[in-house]
There are 2 protein chains.
Amino acid sequence: MIDRVAGATATTDEAPLALAQAISLSALPTGRIIQGDCIAAMRALPAASVDLIFADPPYNLQLGGELSRPDGSHVDAVTDHWDKFDSLAAYDAFTRAWLAEAKRLLKPGGAIWVIGSYHNIFKVGAAIQDLGYWILNDIVWRKANPMPNFKGTRFTNAHETLIWASTGEKAKYTFNYRSMKTLNDELQMRSDWEFPICGGAERLKKDGHKVHPTQKPEALLYRILLACTKPGDVVLDPFFGTGTTGAVAKRLGRRWIGIEREGVYIAAAEERIAAALPLDESALTTMQSPKAAPKVAFGTLVETGYLEPGTVLIDARRRFSATVRADGSLASACGQAGSIHKLGATLQGAPACNGWTFWHHEAQGTLQPIDTIRQTYLLATQP
Amino acid sequence: MIDRVAGATATTDEAPLALAQAISLSALPTGRIIQGDCIAAMRALPAASVDLIFADPPYNLQLGGELSRPDGSHVDAVTDHWDKFDSLAAYDAFTRAWLAEAKRLLKPGGAIWVIGSYHNIFKVGAAIQDLGYWILNDIVWRKANPMPNFKGTRFTNAHETLIWASTGEKAKYTFNYRSMKTLNDELQMRSDWEFPICGGAERLKKDGHKVHPTQKPEALLYRILLACTKPGDVVLDPFFGTGTTGAVAKRLGRRWIGIEREGVYIAAAEERIAAALPLDESALTTMQSPKAAPKVAFGTLVETGYLEPGTVLIDARRRFSATVRADGSLASACGQAGSIHKLGATLQGAPACNGWTFWHHEAQGTLQPIDTIRQTYLLATQP
DNA sequence: AGCGAATCTGAATCGGGGT
DNA sequence: AACCCCGATTCAGATTCGC
C-alpha cells in the first residue's frame, strides 16, 4: 500500500479544529486505495471530509453482438461484468445511491465531477439535479482520435461529457480562473476541451493487453484538478480503476483516496502511482495544447450560406464546370459527382486534386478560387 | 398563413392508401403554423404522421439577478415568461408530457432531435430514455463565438447539446451517411459540430431589438435535415419560435409543421418563410450510398460477357486465386467453391468478406478489383 | 540508424432483405 | 421469429516491420 502524510499529522499544528472535524481528518485514509464496493466504502468514510470527487462510473453500454472493422478485424469492446446492469431502473438506482453517498462526503465548499457518454450521462445529470447538487458547467471532451463508426450508421461518437457540480445552489466552490486562462493562452477556458484518447506510453499494459478498457488520459484529470482544487486538498475517486486520478493528484501535490473493487486494477494503480513524479515546470508546458490550424470543410461554406447550392464553379482554364449541391458535393454536366477534390481529380484524369485551388467562381467579373471564400469564412468566425 | 401543397392533394393520384393513412395525410396541416400550446396542438394531430421532430424547448434557465459586462453594460438575458417553471418537478412533468405526445406523432421509422443546455438536457435525455426512445447520438454544437463568462467564475459556456433518438431500440431511421461524409470533406461526420451563433443578417430584428432571444442558426437545422430526412418528408417543430426549422425545410424541399404560442414570433416566422427560396432540383440531389444503387449480382457480369468463365481472380496480396465458373461461382485450386463473398471469407478464415473488393483481376498489367467491372456495367446499363 | 510502409487499436447501445 | 446470405463500412496515432 502507498501512504502519504495523513491529514491529522499535517493539520494539528495549525488553527484549532472542531472535534468532529479533527476526528474526520485523522480517520481519513489519504494516499490509499480502499478495496471494495464503492457505496459501502464511502459509507465508512466521515461526512464533510473531501474537497473534490472525480467519478468515472460504469456507462452501462448495452452493446449488441460482435463488431468488426471493414478490414474484418475484431473490435475489442467493453464487455466487463462491472458494466452490466439488469435494467435501466437498476442502473438508475445504483447511480442515485452512490451520488447520495458522495454528497455526504463532500465538504460544504466541495464539488463533484462525473464523466459519461450518452448511454448514461443523462441519467447521471438528472440524478445530480434531483439530489440537490448545483450544476456549474457541463464539459465536452472532444477526442482527437476517436474510434470511427465502422458501419456508417450514425455520426462518429467523438466526445464524452463531464458534469461539474457544487453541493448546492448557494454553495461556494473552488475555481482557479487565472490558472485556466493561463493554460489557454490568455483566453477564458471554454467548456469544450480537446485531448487525444489515452494511448502510447501512458496506456497501462500487461502481456501486451490493456489493463483497463477505459483508462482516461492524465491530461483530463490534470485540467480538472488544476481548475478545482488547491494544493493539499483531498480528492476522492470512487471508481479508481488504474488510478489516473491518484497519479495526477500526486503530481500536483493533492491528497487522494481511491476506491476500487478489482484487485488487478488496484495492483496496477499502486505500481503506477509509486512511479509518478511530482510536477516540474516542463510538464506544465507540455499541457498547453498547440492550437491546430482550424479546418474548414467545403460543406461548411454551403451550410453557413457563404456559398449557395446551385452555384456554378469552373476551373481556371474554363475547361470544366460543376454545380454545387446541397450536401457540398459537386455535379458536372456529364453526370459525374463527388467532393470538390474527387470530382476535380476525376475530370482531369488525375489521381488527386486540391479542389480549393482548382475550382473557381465568378466574382466581380473575375475568377476567384473558392479558397478565398474559405479565408473569408475563417476571418469572420475566428477570434 | 403560409400554405404549401397539402399531402392529400399530392398523393391521391398515386397508389391507393389505407383509409387511416389517407385521413392522416389529408388532415396534416403542412406548411402551416398552428398557434397554441404545443401539447394540445400535438394531441390534435394524427398518430404516426411525421418523419422528423425538431424541438428547441424552454431551457428553464433559473437565472439569478441582473448580469452586467465588465464595462458596465447590461446583458440581455432570457427572462421571458415561457422559460419560467415553478420547480424542477414541474419542468420534468412538462418535458415528459410533450415528449410522449411527440412519440405518438412519429412514424415507426421517424426520429426526434432535441436541443438544450446543461440546465435542461439531462432531464430531457433521461425522459427520452424512460419513454422508450433509443438514443442514436448526442451531438455537441460548439459555438465559434460564445458569450464569455463575465464574472470569471466558471468555464465559458461554449456549447449546447443535441440528442438524436429513434422511436425504439429496433426501429429504423433515416441517416444520409454519404451526404454527411461529403459535407465533411470525405471524412465521417463527427458528433461535435462547430457553427457561429445566429447573428448578422440572419438574426431577425424589429426596431433594433432581436425578435427572439434564442434564435438558432440555420446551418444547424440544415445539417440535421440533410442528415435525417428525405425530400418531401414531414418535419414538425413544436417550439417553432421564429421558424428556423420552417425556413430551412422550405429551402431543402421538405414539408413542415410549426407549433407556437406567441403571436409576435408567428408573424416574424411567416414573413421569414415566405421570403425563403427553395433550392432547385439539381442542387438538392445529394451523394447516395452504394446501398441505394441498383444491385448487380456477380453472375450477371458473367452472363452478359463482362467477365468470361475461366477468368482467374486473385486477391490484392496474391495469396489466393480462384477461377470464375459459368454459374458465377468461384472455385479455388484446393477444391473449395462458392460465391465471391463466401469463398473469400472461407479462404481467409474470416466471418465475412466483401468479394467485390477482395477479388482482383489482371488488367493492363495492374490488379483491378472486380468492383470496377461492376461500375463499368452500371455506367453502360443505367439511364 | 533512419525513413516509409504496414499493422494495430480505441467506452460502440453499428444492416437489411428474403426464406 | 430465426436463420441465411449479400455486401457495405474506418480515422488518427502509436507501434512494428522492412529496406
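Proteins come first, then strands; the chains are lettered A, B, ... in the order of their sequence lines, and each starts at number 1. Remember, predicted model here, so these are calculated numbers, not experimental data. Worth knowing before you read on, the calculation uses all heavy atoms, side chains too, and leaves out hydrogens, waters and symmetry mates.
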Think [X] forms a cation-pi with [Y], using NZ or CZ under 6.0 Å from the six-ring centre and within 45 degrees of its axis?
{"X": "A/K84", "Y": "A/W82", "answer": "no"}
{"X": "B/K103", "Y": "B/Y133", "answer": "yes"}
{"X": "B/R142", "Y": "B/W193", "answer": "no"}

C/dA11 versus D/dC6 - spacing of their C1' atoms, nearest Å: 31 Å
Suppose you measure atom C1' in C/dG10 against the same atom in C/dC14; what distance do you get, rounded to whole Å? 15 Å
Shortest non-hydrogen pair, A/F155 vs B/N137, comes out as N-OD1, 2.9 Å
With A/L52, the side chain to side chain contact (heavy atoms under 4.5 Å, CB included) member among A/D237, A/T245, A/L225: A/L225
Distance check needed: [N] [atom2] versus [X] [atom1], whole Å only.
{"X": "A/D76", "N": "C/dA11", "atom1": "CG", "atom2": "P", "result": "10 Å"}
{"X": "A/H74", "N": "C/dC14", "atom1": "NE2", "atom2": "P", "result": "13 Å"}
{"X": "A/H212", "N": "C/dG10", "atom1": "NE2", "atom2": "C1'", "result": "14 Å"}
{"X": "A/H209", "N": "C/dG10", "atom1": "NE2", "atom2": "P", "result": "10 Å"}

Counting any heavy atom closer than 4.0 Å, what does [X] reach on the DNA or RNA strands: base, sugar-phosphate only, or nothing?
{"X": "A/P217", "result": "nothing"}
{"X": "A/N157", "result": "sugar-phosphate"}
{"X": "A/E160", "result": "base"}
{"X": "A/D56", "result": "base"}
{"X": "A/S68", "result": "nothing"}
{"X": "A/G65", "result": "base"}
{"X": "A/S117", "result": "nothing"}

Look at the side chain of A/K216 against the base of C/dA11 and say whether a donor-acceptor pair falls under 3.5 Å; ignore hydrogens and angles. yes
Can you tell me which stems DNA chain C forms when a stem means 3 or more consecutive Watson-Crick or G-U pairs under 3.5 Å? C:2-10 with D:11-19, C:15-19 with D:2-6
Could I get the full list of ring pair (Phe, Tyr, Trp, His ring centres under 6.0 Å) partners for B/Y177, not counting sequence neighbours? none
Does a side-chain N or O of A/T153 approach OP1 or OP2 of D/dT9 to a distance below 4.0 Å, or not? no
Below 4.0 angstrom from OP1 or OP2 of D/dG7, is there any side-chain N or O of B/H341? yes
Test A/W113 against every option in A/F54, A/W141, A/W164 by the ring-ring contact (aromatic ring centres under 6.0 Å, His included) rule and name the one that passes. A/W164
Side chains of A/S117 and A/H119: do they bring a donor and an acceptor to under 3.5 Å? yes
Going 5' to 3' through nucleotides 10-19 of chain D and flagging B where a protein heavy-atom sits under 4.0 Å of the base, S where only the sugar-phosphate is that close, and - otherwise, we get BBSSSS----
Around atom CZ of B/R325, are there more than 12 heavy atoms of other residues, nucleotides or ligands at under 6.0 Å? yes
Hey, mind stepping through B/Q288 and B/T286 against side-chain contact (heavy atoms from CB on, under 4.5 Å) and telling me if it holds? CA-CA 6 Å; B/Q288 297 296 313; B/T286 52; 3.7 Å; yes
A/K210 side chain: which of D/dG7, C/dG10, D/dT9 is closest? C/dG10
